[in-house]
Amino acid sequence: MMLPNLRRAILRFSQPLIVERISTTIDDDGKADEEVVEVLKVKGVSSPLKPEELQLQEEGERWWLWRRIHTLYNLKLKVGDNIRVMGTLFRVRNVYPYNEYGFYRYDIQQNYRDEE
């Protein structure tokens with residue numbers, strides 16, 4: 001059975017996204033130093049999670065900003081990675097490689113360290 005390829009649909013609704021991969025290290029004083037390791041300029045669709053999807057998250061996690069990114073590109077993100085998307089710091093919570101459908105999906109949650 002052939003699976004539907006959704007590349008065209010995602011490409012049609014895609015907009016430019018800038019995704020910065022952030023590396024965090026702890027200095028000698030115990031402060032976190034964040035450094036941009038990689039800047040990825042891709043096209044994708046970024047949307048908020050639905051209220052019913054947020055209800056599935058742990059109670060303390062629901063209040064943070066959650067986004068879902070659909071993209072044609074494998075950003076090679078892993079669960080737990082820190083990223084900045086369009087100026088806001090997020091943590092990657094779920095990665096879904098739907099290669100057979102022609103796209104990738106990432107669920108991201110605003111990082112509590114975001115002070116912007």
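Note that the structure is predicted; figures quoted are calculated from it, not measured. Residue numbers run from 1 in the order of the sequence given.
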Problem set entry | Partner residues of S47 under the side chain to side chain contact (heavy atoms under 4.5 Å, CB included) criterion, sequence neighbours left out | R68

Exercise. Looking only at side chains, do Q109 and R93 share a donor and an acceptor under 3.5 Å apart?
Worked result: yes

Problem set entry | ring pair (Phe, Tyr, Trp, His ring centres under 6.0 Å): pairs with one or both residues in residues 68-88, sequence neighbours excluded | H70-F103

For this session: Please test D107 against Y96 for side-chain contact (heavy atoms from CB on, under 4.5 Å), starting from the C-alpha separation and ending with a verdict.
Result: CA-CA 8 Å; D107 290 345; Y96 301 94; 3.5 Å; yes

Seminar exercise, completed: With sequence neighbours left out, the residues meeting side chain to side chain contact (heavy atoms under 4.5 Å, CB included) with F13 are V45

Exercise. Quick one: do V37 and L77 end up in the same hydrophobic cluster if we chain Ile, Leu, Val, Met, Phe, Trp and Tyr together by side-chain heavy atoms under 4.5 Å apart?
Worked result: no

Exercise. By side-chain hydrogen bond (donor to acceptor under 3.5 Å, both in side chains), which residues pair with R67, not counting sequence neighbours?
Worked result: S46

Exercise. Which atom names give the shortest non-hydrogen contact between N111 and R91, and what distance separates them?
Worked result: ND2-NH2, 3.7 Å

Exercise. Does T71 have any side-chain hydrogen bond (donor to acceptor under 3.5 Å, both in side chains) partners at least two apart in sequence or in another chain, and if so, which?
Worked result: none

For this session: For the pair D33 and K31, find out whether any cationic side-chain nitrogen is under 4.0 Å from an anionic carboxylate oxygen.
Result: no

Exercise. Can you tell me how far the NZ atom of K43 sits from the CD1 atom of I10, to the nearest 0.5 Å?
Worked result: 13.0 Å

Seminar exercise, completed: I18 and V39 have their tightest heavy-atom pair at CG2-CG1, 4.0 Å

Problem set entry | Check against side-chain contact (heavy atoms from CB on, under 4.5 Å), T88 and Q110 | CA-CA 7 Å; T88 302; Q110 186 176 15; 4.0 Å; yes

For this session: For a side chain to side chain contact (heavy atoms under 4.5 Å, CB included) with Y104, tell me which candidate from V95, V42, N74 qualifies.
Result: N74

For this session: Please collect all salt bridge (Lys or Arg N to Asp or Glu O under 4.0 Å) contacts where either partner lies in residues 19-30, sequence neighbours excluded, each pair once.
Result: E20-R84, R21-E38, R21-D81

Exercise. Any side-chain heavy atom of V36 sitting closer than 4.5 Å to one from I22?
Worked result: yes

Problem set entry | Stepwise side-chain contact (heavy atoms from CB on, under 4.5 Å) check, K41 with V19 | CA-CA 6 Å; K41 295 180 181 180; V19 179; over 6 Å; no

Exercise. Would Y106 and L75 satisfy side-chain contact (heavy atoms from CB on, under 4.5 Å), going step by step from the backbone distance to the final call?
Worked result: CA-CA 9 Å; Y106 301 91; L75 300 176; 3.8 Å; yes

